[in-house]
Peer 1: 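Sharing a structure here in structure tokens format.
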Amino acid sequence: MHFFNESDPRYIFFHVSSDGCILFRFEYKPKKIKTENGKKAKKRKQEYEDEEEEERSTDGSKWKFLEHKGPVLAPPYEPLPGHVRFFYDGKLLRLSAPAEEVATFFAKMLDHEYTTKEMFRKNFYKDWRKEMTSEEKSKITDINKCNFTEMSEYFKAQSEARKQMSKDEKLKIKEENERILQEYGFCVMDNHKERIGNFRIEPPGLFRGRGDHPKMGMLKRRIRPEDIIINCSKDSKHPKPPQGTRWKEVRHDNKVTWLVSWTENIQGSIKYIMLNPSSRIKGEKDWQKYETARRLKKCVERLRAQYREDWKSKEMRVRQRAVALYFIDKLALRAGNEKEEGETADTVGCCSLRVEHIKLYPKMDDQEYVVEFDFLGKDSIRYYNKMPVEKRVFKNLQLFLENKQPEDDLFDRLNTSILNKHLQELMDGLTAKVFRTYNASITLQQQLKELTSPDESIPAKILSYNRANRAVAILCNHQRAAPKTFEKSMQNLQTKIDEKQKQLSATRKQLKGAKTEHKASHDDRSKKMVEVKRKAVQRIEEQLMKLQMQATDREENKQIALGTSKLNYLDPRISVAWVKKWDVPMEKIYNKTQREKFAWAIDMAEEDYEF
DNA sequence: GGTGTGACTTGACCCCAATCTT
DNA sequence: AAGATTGGGGTCAAGTCACACC
């Protein structure tokens with residue numbers, strides 16, 4: 001059997017009226033499997049299509065046929081060569097293989113700051129001891145007496161050697177990776193060959209949580225076939241476990257989209273292997289998400305009026321819900337589920353805000369009723385913002401704060417489940433996160449409208465696009481650490497600009513000279529010269545402008561990450577429409593992967609698309 | 001309601017290969 | 001050819017939300 005490799009998605013969609021809102025039913029048709037030629041194939045094709053028309057009905061099944069090769073397991077541990085030594089308390093100590101493996105995890109991280117953190121060291125040491133022989137346990141009693149430097153040096157040398165490999169060797173590795181990708185990186189789901197997202201099982205190592213994580217440094221154990229659940233069709237060719245091993249389970253659950261799962265030992269949560277964002281199943285979901293956000297657009301004013309009304313409610317519960325919703329809407333905060341204390345870093349979202357996270361200022365500078373937010377959100381990224389709010393919100397907040405300690409919940413009568421139940425009643429499919437999607441997308445659309453000037457150049461248009469994107473990223477608080485090389489790369493760019501500037505003035509001077517000469521001689525040759533110089537000036541001006549745009553863009557982007565909003569919050573059809581409207585090449589906005597992920601939108605949206 | 005679990009989306013950061021510069 | 005830079009992909013942690021069960 002062989003497959004199409006080029007993706008040429010086709011879509012069918014229906015409008016379904018519900019509650020005055022238009023719903024879409026997504027029917028995404030990526031490439032078909034190309035089977036044998038001839039009548040038989042034609043007949044099969046017809047069968048597939050007949051099947052497809054009736055599929056995705058009401059029973060919640062996600063697929064009918066699923067076949068894959070299973071995961072790629074982590075490579076087995078390779079013991080260190082004899083010359084790499086470990087010292088305890090200054091004395092050479094030969095470690096057993098299991099203890100050595102865990103020690104190498106630590107050694108590999110030695111240059112990272114977190115290996116100096118007490119919590120990291122403590123957790124590592126505790127888990128490391130579990131891997132030691134009783135003899136090792138009795139000898140090694142203090143992690144501070146462990147010397148991992150030779151191991152660390154060895155790994156550094158290894159990675160150095162890898163960099164120094166010849167072209168041939170590198171090519172071989174590349175080919176091998178390609179082979180593995182071809183073998184394990186694709187599956188067949190309902191007549192389509194689809195790319196798998198993460199087909200490699202996570203290798204063992206030391207857990208590194210984000211922020212101040214209580215479990216940092218713990219051993220993330222090796223996943224064996226016996227830990228792995230395979231999900232595929234009964235009538236498919238089941239993936240084979242490695243010789244002499246067996247899977248934990250092979251199941252055939254078409255109510256879920258994952259192919260492989262296992263339970264991770266740090267939090268005890270389940271990890272999955274799923275399809276790539278370019279797949280039908282992910283694309284449909286993505287489309288659906290934006291359609292829900294568009295339905296919110298249609299009723300958002302009604303909901304806003306409602307929560308403003310609720311600020312006056314005599315029920316505390318309702319007031320809290322209404323203020324929280326106001327924050328979610330206005331500031332694009334996340335819902336804020338409760339978390340188990342001591343299991344994860346201490347971070348919050350809207351519903352889990354605590355008294356200590358906000359400060360109220362009846363007056364601040366020339367503004368009234370200012371709320372200052374300062375808390376750690378997802379991934380322990382700090383959210384800091386000062387916002388003037390309406391008097392009624394302010395008064396409510398004062399009320400919520402009464403008689404509370406800093407560590408008490410701000411919204412003590414509210415959680416995400418209550419909030420989402422309420423939202424569900426207001427609009428079918430509405431949850432807290434839809435507001436983020438809606439506000440992000442609507443902001444992009446508005447900003448694009450506002451910032452794009454019809455007669456600016458393509459680079460200027462791209463700057464406008466990035467600025468619109470940036471407005472969203474700021475709204476959603478998508479920050480990044482300023483790149484380590486930021487200052488330098490900025491400087492380099494500035495040098496380039498200075499040089500261009502010099503070049504420009506030199507060329508301008510030449511143009512002037514050419515003009516004078518032409519005035520004097522009036523011959524063809526001097527006329528040509530003027531033209532040549534004029535063109536040169538123009539070209540250099542363009543180059544200079546492009547550089548300046550780039551510099552502005554980069555500077556403004558120093559601590560802002562655009563990727564997350566682009567990938568997860570912005571209805572791609574807005575961008576596609578914009579690109580088509582202004583004749584900006586699609587590649588300037590979406591790279592190859594993004595174009596694959598958003599193939600449905602590129603296909604669907606015309607320049608008049610309105611979110 | 002409260003709690004636990006499962007499935008799926010969102011998120012920042014790291015690394016490396018491709019590309020650009022010297 | 002070697003070194004520097006950068007974009008993009010991969011990684012895997014950390015969210016959201018639905019649902020089952022009591």
Side-chain angles (χ1 to χ4, degrees), chain A residues 60 62 112 159 162-164 167 170-171 173-174 177 181 185 197-203 205 207-211 213 215-216 220 229 231 253 255-258 261 263-264 266-277 281-282 285-286 288-289 328 334-340 343-345 347-352 376-381 413 415-421 423-424 429-437 440 473 476-481 483-486 488-489 492-493 495-496 550 554 559-569 590-594 596-597:
Chain A
K62 308 280 170 63
H112 274 106
S159 90
R162 229 168 306 134
K163 277 182 207 153
Q164 298 302 322
K167 261 202 181 125
K170 281 187 179 170
L171 189 68
I173 292 174
K174 208 176 154 184
N177 279 335
L181 173 69
N198 54 327
F199 53 87
R200 287 169 200 276
I201 297 278
E202 293 173 19
F207 175 80
R208 171 61 200 154
R210 318 243 164 92
H213 198 116
K215 299 196 171 182
M216 63 169 82
K220 215 170 76 163
I229 302 174
N231 193 32
D253 181 359
K255 301 280 190 289
V256 298
T257 67
W258 53 267
S261 78
T263 301
E264 151 273 346
I266 304 289
Q267 321 275 356
S269 62
I270 309 167
K271 299 238 172 178
Y272 304 93
I273 290 181
M274 292 183 190
L275 296 193
N276 187 275
I281 211 155
K282 294 286 185 188
K285 257 313 206 42
D286 214 31
Q288 230 178 65
K289 175 180 77 184
I328 285 171
R334 296 186 187 84
N337 285 312
E338 317 71 313
K339 308 167 73 183
E340 229 174 311
E343 293 291 299
T344 58
T347 63
V348 298
C350 186
C351 293
S352 51
L376 296 183
K378 181 174 176 182
D379 292 323
S380 291
I381 296 292
R413 308 281 174 87
N415 60 42
T416 53
S417 154
I418 296 171
L419 181 65
N420 279 334
K421 261 187 203 127
L423 292 176
Q424 186 59 239
L430 186 62
T431 63
K433 87 187 183 80
V434 179
F435 279 88
R436 242 167 111 80
T437 312
C476 295
N477 199 40
H478 291 142
Q479 300 189 30
R480 62 166 184 177
K484 284 188 190 88
T485 54
F486 184 83
K488 212 171 88 196
S489 90
N492 288 347
L493 201 51
T495 320
K496 271 193 200 168
Q550 214 183 331
R554 194 176 297 180
Q559 301 194 65
I560 316 279
L562 300 186
T564 302
S565 51
K566 201 175 196 175
L567 249 40
N568 299 301
Y569 289 105
Y590 287 141
N591 66 30
K592 185 166 162 280
T593 321
Q594 294 167 162
E596 279 166 14
K597 166 165 175 164

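Proteins get letters first, then strands, A, B, ... in listed order; numbering begins at 1 in each.
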Peer 1: Check every strand shown and say whether A/S269 touches a base, only sugar-phosphate, or nothing at a heavy-atom separation below 4.0 Å.
Peer 2: nothing
Peer 1: Rounded to the nearest Å, what distance is computed from the CD atom of residue A/Q559 to the C1' atom of nucleotide B/dG11?
Peer 2: 17 Å
Peer 1: Check every strand shown and say whether A/I381 touches a base, only sugar-phosphate, or nothing at a heavy-atom separation below 4.0 Å.
Peer 2: sugar-phosphate
Peer 1: Does A/T257 place a side-chain N or O at less than 4.0 Å from the phosphate oxygens OP1/OP2 of B/dC8?
Peer 2: yes
Peer 1: Can you pull every protein N or O that's under 3.5 Å from an N or O on nucleotides 1-5 of chain C?
Peer 2:
from: C/dT5; atom 1: OP1; to: A/N492; atom 2: ND2; distance (Å): 3.1
from: C/dT5; atom 1: OP2; to: A/K488; atom 2: NZ; distance (Å): 2.8

Peer 1: A/I270 has an atom CD1; how far is it from atom P of B/dA7, in whole Å?
Peer 2: 5 Å
Peer 1: Do A/K597 side-chain atoms and A/N276 backbone N/O form a donor-acceptor pair below 3.5 Å?
Peer 2: no
Peer 1: How is A/R436 classified with respect to the nucleic acid when contacts are heavy atoms under 4.0 Å: base, sugar-phosphate, or nothing?
Peer 2: sugar-phosphate
Peer 1: What is the distance from NZ of A/K592 to C1' of C/dG8, rounded to the nearest Å?
Peer 2: 11 Å
Peer 1: With a non-hydrogen cut-off below 4.0 angstrom, is A/Y569 in contact with a base, only sugar-phosphate, or nothing?
Peer 2: sugar-phosphate
Peer 1: Between the protein and nucleotides 14-19 of chain B, list the N/O to N/O atom pairs that are separated by less than 3.5 angstrom.
Peer 2:
from: B/dA18; atom 1: OP1; to: A/K174; atom 2: NZ; distance (Å): 2.8

Peer 1: Residues two or more places apart in sequence or in another chain: which of them pass side chain to side chain contact (heavy atoms under 4.5 Å, CB included) with A/A561?
Peer 2: A/R480
Peer 1: Rounded to the nearest Å, what distance is computed from the NZ atom of residue A/K62 to the P atom of nucleotide B/dA7?
Peer 2: 9 Å
Peer 1: Quick one: side-chain hydrogen bond (donor to acceptor under 3.5 Å, both in side chains) partners of A/R210, sequence neighbours excluded?
Peer 2: A/D379
Peer 1: Fit a plane to each ring of A/F207 and A/H213, take the angle between them on a 0 to 90° scale, and name the class: parallel (under 30°), tilted (30 to 60°) or perpendicular (over 60°).
Peer 2: perpendicular
Peer 1: B/dC8 P sits how many Å from A/M274 CE, rounded?
Peer 2: 5 Å
Peer 1: Mind checking what makes side-chain hydrogen bond (donor to acceptor under 3.5 Å, both in side chains) contact with A/N477, not counting sequence neighbours?
Peer 2: A/Q479
Peer 1: Apply salt bridge (Lys or Arg N to Asp or Glu O under 4.0 Å) to A/K566 and list each qualifying residue two or more places apart in sequence or on a separate chain.
Peer 2: none
Peer 1: Which residues pass the salt bridge (Lys or Arg N to Asp or Glu O under 4.0 Å) test with A/K220, not counting sequence neighbours?
Peer 2: A/E202
Peer 1: Hydrogens and angles aside, do A/K339 and A/S352 bring a side-chain donor and acceptor to less than 3.5 Å of each other?
Peer 2: no
Peer 1: Estimate the overall bend of the helix from B/dG1-C/dC22 to B/dT22-C/dA1 from the end axes over five pairs each, rounded to 10 degrees.
Peer 2: 10°
Peer 1: Take atom NE2 of A/H478 and atom P of B/dT10, then tell me their distance rounded to the nearest Å.
Peer 2: 10 Å
Peer 1: Please compare A/A561 and A/K255 by the position of their nearest nucleotide in DNA chain B and report the one closer to 5'.
Peer 2: A/K255
Peer 1: According to side-chain hydrogen bond (donor to acceptor under 3.5 Å, both in side chains), who are the partners of A/K215, at least two apart in sequence or on a separate chain?
Peer 2: A/E343
Peer 1: For nucleotides 12-22 of chain C, give me one character per nucleotide, 5' to 3': B if any protein heavy atom sits under 4.0 Å from the base, S if the only such contacts are to the sugar-phosphate, - if neither.
Peer 2: BBBSBBS----
Peer 1: Using a 4.5 Å cut-off on heavy atoms from C-beta on, say whether the side chain of A/C351 contacts that of A/L419.
Peer 2: yes
Peer 1: Within the 4.5 Å heavy-atom criterion, are A/T257 and A/Y272 side-chain neighbours or not?
Peer 2: no
Peer 1: From CG of A/D253 over to C1' of B/dG6, roughly how many Å is that when rounded to an integer?
Peer 2: 11 Å
Peer 1: Output all residues satisfying side-chain hydrogen bond (donor to acceptor under 3.5 Å, both in side chains) with A/D253, sequence neighbours left out; order by chain, then residue number.
Peer 2: none
Peer 1: So, using ring-ring contact (aromatic ring centres under 6.0 Å, His included) as the criterion, who are the partners of A/F199 when residues are at least two apart?
Peer 2: none
Peer 1: Measure from CD1 on A/I273 to C1' on C/dG10 and round the result to the nearest Å.
Peer 2: 14 Å
Peer 1: Would you say A/N568's side chain and A/T564's backbone share a donor-acceptor pair under 3.5 angstrom?
Peer 2: yes
